[in-house]
K.L.:
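Next up is a structure, given as structure tokens.
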Amino acid sequence: MQISSNAQALAYLVSAVLFIFSLKGLTHPATARRGNFLGMIGMAVAVVATLLGSEVESYGFIIAGVLLGGLIGVVLAMRIQMTAMPQLVAALHSFVGLAAVLVAVGTFLNKM
């Protein structure tokens, strides 16, 4: 099932608005739960819109990446103590940077 590019753009707009409200909610401890929830909903909307877009030709690499990333995340989370939470966040941010690099390389190679 694929969605039109207009529906995909609308979904991205909705997720962006949810991300903005999420950041606003995360600025105060009393609203942090709601902010976190809005961020999760925004990410879910963006992921579903991307997966249903016409650009996706095969889900094999996507499924493999999710499984590998989940495995790495579980191993890291189990090995790092709660008192070392800043180190866990730093490690996971490193993987986000790696993912951005891999997306850029993939886009470059796809355009060749």
Side-chain angles (χ1 to χ4, degrees):
M1 178 181 151
Q2 291 182 350
I3 59 175
S4 70
S5 60
N6 287 337
Q8 189 178 28
L10 181 62
Y12 288 153
L13 179 63
V14 168
S15 67
V17 170
L18 287 169
F19 290 145
I20 291 168
F21 284 127
S22 171
L23 290 174
K24 183 179 185 292
L26 292 172
T27 60
H28 194 273
T31 59
R33 261 183 216 260
R34 184 181 60 205
N36 206 3
F37 181 72
L38 291 174
M40 289 187 289
I41 297 297
M43 183 55 72
V45 169
V47 167
V48 169
T50 300
L51 291 176
L52 294 179
S54 61
E55 305 87 11
V56 178
E57 296 175 6
S58 171
Y59 293 97
F61 281 119
I62 295 171
I63 293 169
V66 168
L67 292 175
L68 180 63
L71 178 67
I72 291 170
V74 167
V75 169
L76 283 176
M78 292 179 80
R79 287 192 178 183
I80 296 179
Q81 300 295 320
M82 286 299 289
T83 56
M85 194 55 68
Q87 290 88 334
L88 176 61
V89 171
L92 295 178
H93 282 161
S94 298
F95 283 112
V96 171
L98 177 63
V101 168
L102 293 175
V103 167
V105 169
T107 302
F108 176 76
L109 293 176
N110 194 30
K111 299 293 180 183
M112 288 181 72

K.L.:
Can you name the residues that form a side chain to side chain contact (heavy atoms under 4.5 Å, CB included) with Ile20, not counting sequence neighbours?
P.N.:
none

K.L.:
Where do Tyr12 and Ala46 come nearest, in terms of heavy atoms and distance?
P.N.:
CE2-O, 3.7 Å

K.L.:
Who passes side chain to side chain contact (heavy atoms under 4.5 Å, CB included) against Ala77, sequence neighbours left out?
P.N.:
none

K.L.:
Got more than 12 heavy atoms from elsewhere within 6.0 Å of CZ, Phe19?
P.N.:
yes

K.L.:
Who passes side-chain hydrogen bond (donor to acceptor under 3.5 Å, both in side chains) against Ser4, sequence neighbours left out?
P.N.:
none

K.L.:
Kindly work out whether a path of hydrophobic side-chain contacts (I/L/V/M/F/W/Y, heavy atoms less than 4.5 Å apart) joins Ile41 to Val17.
P.N.:
yes

K.L.:
Looking at every heavy atom in both Thr83 and Pro86, which two are closest together, and how far apart are they?
P.N.:
O-CD, 4.3 Å

K.L.:
To the closest 0.5 Å, what do you measure between NZ (Lys24) and OG1 (Thr31)?
P.N.:
7.0 Å

K.L.:
In the single-linkage hydrophobic clustering (I, L, V, M, F, W, Y; side-chain heavy atoms under 4.5 Å), do Met40 and Val14 co-cluster?
P.N.:
yes

K.L.:
Name every donor-acceptor pair, under 3.5 Å, that has one atom in a side chain of residues 93-112 and the other anywhere in the protein, sequence neighbours excluded.
P.N.:
residue: Ser94; atom: OG; partner: Ala90; partner atom: O; Å: 3.0
residue: Thr107; atom: OG1; partner: Val103; partner atom: O; Å: 2.8

K.L.:
Cut-off 3.5 Å, no hydrogens considered: what does the side-chain donor-acceptor table look like for residues 51-74, sequence neighbours left out?
P.N.:
residue: Glu55; atom: OE1; partner: Gln8; partner atom: NE2; Å: 3.4
residue: Ser58; atom: OG; partner: Gly60; partner atom: N; Å: 3.4
residue: Tyr59; atom: OH; partner: Leu51; partner atom: O; Å: 2.6

K.L.:
Donor-acceptor pair, distance only, cut-off 3.5 Å: does the side chain of Ser22 make one with the backbone of Gly35?
P.N.:
yes

K.L.:
Applying the 4.5 Å side-chain criterion to the ILVMFWY set and letting contacts propagate, would Ile80 and Leu92 be lumped into a single cluster?
P.N.:
yes

K.L.:
The criterion is side chain to side chain contact (heavy atoms under 4.5 Å, CB included); which residues satisfy it with Arg33, sequence neighbours excluded?
P.N.:
none

K.L.:
To the nearest 0.5 Å, what is the distance between CG (Leu13) and CG (Leu18)?
P.N.:
9.5 Å

